[in-house]
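No hydrogens, no waters, no symmetry mates; every other heavy atom, side chains included, goes into these values. Each ligand, and each atom within it, is numbered from 1 in the order the structure gives. Remember, predicted model here, so these are calculated numbers, not experimental data.
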Amino acid sequence: MIPRTDGLCQTPSWNEAIANAFTSPEELIDYLELDKSLLPAARAAASQFGLRVPRAYVDCMEKGNAQDPLLLQVLPLGAELELQPGFSVDPVGDLAATSATGVLHKYHGRALLITTGACAVNCRYCFRRHFPYQESSAYLDHWQSALDYLRSNSSINEVILSGGDPLMIADSRLAELFRALEAIPHLTRLRIHTRMPVIVPQRVTDDLLGELDRVRFRVTVVVHCNHARELTAAVCCVLQQLRESGVTLFNQSVLLKGINNDLKTQVELCESLFEAQVIPYYLHLLDSVQGAAHFDVSREEAQLLYQQLLQQLPGYLVPKLVYEQSGEISKTPLTL
Ligand SMILES: *Cc1c(COP(=O)(O)O)cnc(C)c1O
Ligand code: SF4
């Protein structure tokens, strides 16, 4: 039995960490002692999709390094404003797959709830960076049409809370949602897609852990970590607490040019995840979302890297290399 580590993991108030996040390109560039010439483009790109990054994450970046792999995930760049052929605002057909307010039902047996549009961090490559959350979040009508949809579709046995980031929602509201979901007999699994344990680890509160432990579903949490340096001591600590609450932990990451598209970085990521009791689940090719073309890694390069990864790691540490194609019945594996 691993001793509980309450108190060690949690500094006060995740709300505060979010409220104190950097949102001004100028402040971020000053704080990291970066070249001021980055500022005009950062401001222009941020006016399209805002800068947002909590301070603890920024403190993992190297000062003065404009190529830092954590920084590149959040710093607005001029390249985002260049329109690229083949890159669109709804690259994975989310609008067409909306089955009820805030429900995306694309795949057999599982339905995804857009619980909120909010996130603790704005990732520049986010495939939902243009998604009309204001009209599409399931919370709009207090989950009623989402719950009705789930209730009337007995083929659905897994509900996936996504967003945005579902852990932006307060524990008391999540608990209400869990109770309503528990009342739907054919649901057996609850999955939470969240970047919060990695970006704001103190979000994993004792109340949340208690809820996840108590709920009648088998619970999986799929975190989103793209680089081993994101797995700080505080992050590993809350991941351990989640495991101790009976949660199965997976990771999904995005293959991003200049951030993690090399063998050493991928091997370190998979091995560090396992150290932190997380199984690498998906390595996604970038969705072709407008504004993110500069992160794109070609299929040929991805396949080559993946082949090397298969050589280096035991099978259980190699994530599935996939991409999302509108209208398909599952994520599509990229074959070698
Ligand atoms: C990615 C996704 C899922 C989850 O797919 P899994 O292969 O089960 O991880 C479910 N619903 C939607 C709409 C998705 O985009
Ligand atoms: S945390 Fe996820 S949903 Fe939020 S901006 Fe990043 S990639 Fe997009």
Side-chain angles (χ1 to χ4, degrees), residues 18 21 23 49-54 57 70 72-76 80 90-100 102-131 133 136-138 146 149-150 153 155-169 189-200 203 220-227 230 248 250-256 259 279-287 289 291-292 295 319-333:
I18 288 166
T23 53
F49 179 50
L51 165 83
R52 171 170 301 279
V53 55
Y57 190 73
L70 275 52
L72 289 177
Q73 295 180 51
V74 299
L75 180 68
E80 294 177 26
D90 182 21
V92 295
D94 274 350
L95 289 176
T98 301
S99 308
V103 182
L104 297 179
H105 187 193
K106 292 185 186 175
Y107 305 150
H108 179 77
R110 53 244 201 254
L112 185 147
L113 256 59
I114 303 281
T115 53
T116 166
C119 279
V121 60
N122 283 349
C123 311
R124 307 315 297 177
Y125 52 84
C126 180
F127 72 105
R128 294 209 181 104
R129 55 181 285 168
H130 307 282
F131 198 71
Y133 288 116
S136 310
S137 149
Y149 184 81
L150 295 171
N153 279 271
S155 70
I156 298 171
N157 52 24
E158 175 169 15
V159 61
I160 302 171
L161 306 187
S162 183
D165 198 311
L167 294 187
M168 288 294 279
I169 298 170
R189 295 193 298 272
L190 172 69
R191 188 189 329 179
I192 303 177
H193 281 182
T194 174
R195 206 168 184 201
M196 205 70 99
V198 173
I199 298 288
V200 182
R203 173 62 188 89
T220 53
V221 168
V222 183
V223 295
H224 170 180
C225 173
N226 293 317
H227 196 285
E230 293 171 18
T248 303
F250 295 113
N251 182 60
Q252 54 183 341
S253 61
V254 184
L255 186 58
L256 297 164
I259 293 173
I279 301 291
Y281 177 36
Y282 280 142
L283 173 58
H284 295 271
L285 292 189
L286 184 77
D287 293 311
V289 65
F295 290 116
K320 297 176 219 284
L321 179 64
V322 295
Y323 60 100
E324 184 161 351
Q325 224 172 352
S326 310
E328 280 303 318
I329 54 161
S330 70
K331 303 284 185 272
T332 306

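Counting only N and O atoms by type, the side chains of Q252 and H284 include a donor and acceptor under 3.5 Å apart. Counted by atom type alone, Y57 and E230 present one or more donor-acceptor pairs between their side chains at under 3.5 Å. Of the N and O atoms on the side chains of R128 and H130, not one donor lies less than 3.5 Å from an acceptor on the other residue.
Residue C126 does not count as close to atom 6 (Fe) of ligand 2, with no N, O or S atom under 2.8 Å.
Between the T115 side chain and the S162 main chain, a donor and an acceptor come within less than 3.5 Å of each other. In this structure a side-chain-to-backbone donor-acceptor pair under 3.5 Å is present from T98 to D94. With hydrogens and angles ignored, the 3.5 Å screen pairs a side-chain donor or acceptor of R203 with a backbone N or O of L167. The backbone N or O of C225 lies less than 3.5 Å from no partner atom in the side chain of R195, so there is not a single donor-acceptor pair. Side chain of D165 to main chain of M196: a donor-acceptor pair is present (N/O by atom type, distance under 3.5 Å, no hydrogens or angles).
Heavy-atom separations between V121 and ligand 2 include at least one value shorter than 4.0 Å. Residue contact annotation: H224 has a non-hydrogen atom under 4.0 Å from ligand 2.
Taking a heavy-atom cut-off of under 4.0 Å, ligand 1 is surrounded by L104, K106, Y107, R110, L112, I160, R191, Y281, Y282, E324, K331.
Taking a cut-off of under 4.0 Å to the non-hydrogen atoms of R195, the atoms of ligand 2 that pass are 1 (S). Residue C119 has at least one heavy-atom neighbour below 4.0 Å for each of these atoms of ligand 2: 1 (S), 3 (S), 4 (Fe), 5 (S).
Among A120, C123, P166, G164, the residue whose heavy atom lies nearest to atom 5 (S) of ligand 2 is C123.
Using a 4.5 Å heavy-atom threshold, the side chains of I329 and H108 count as separate.
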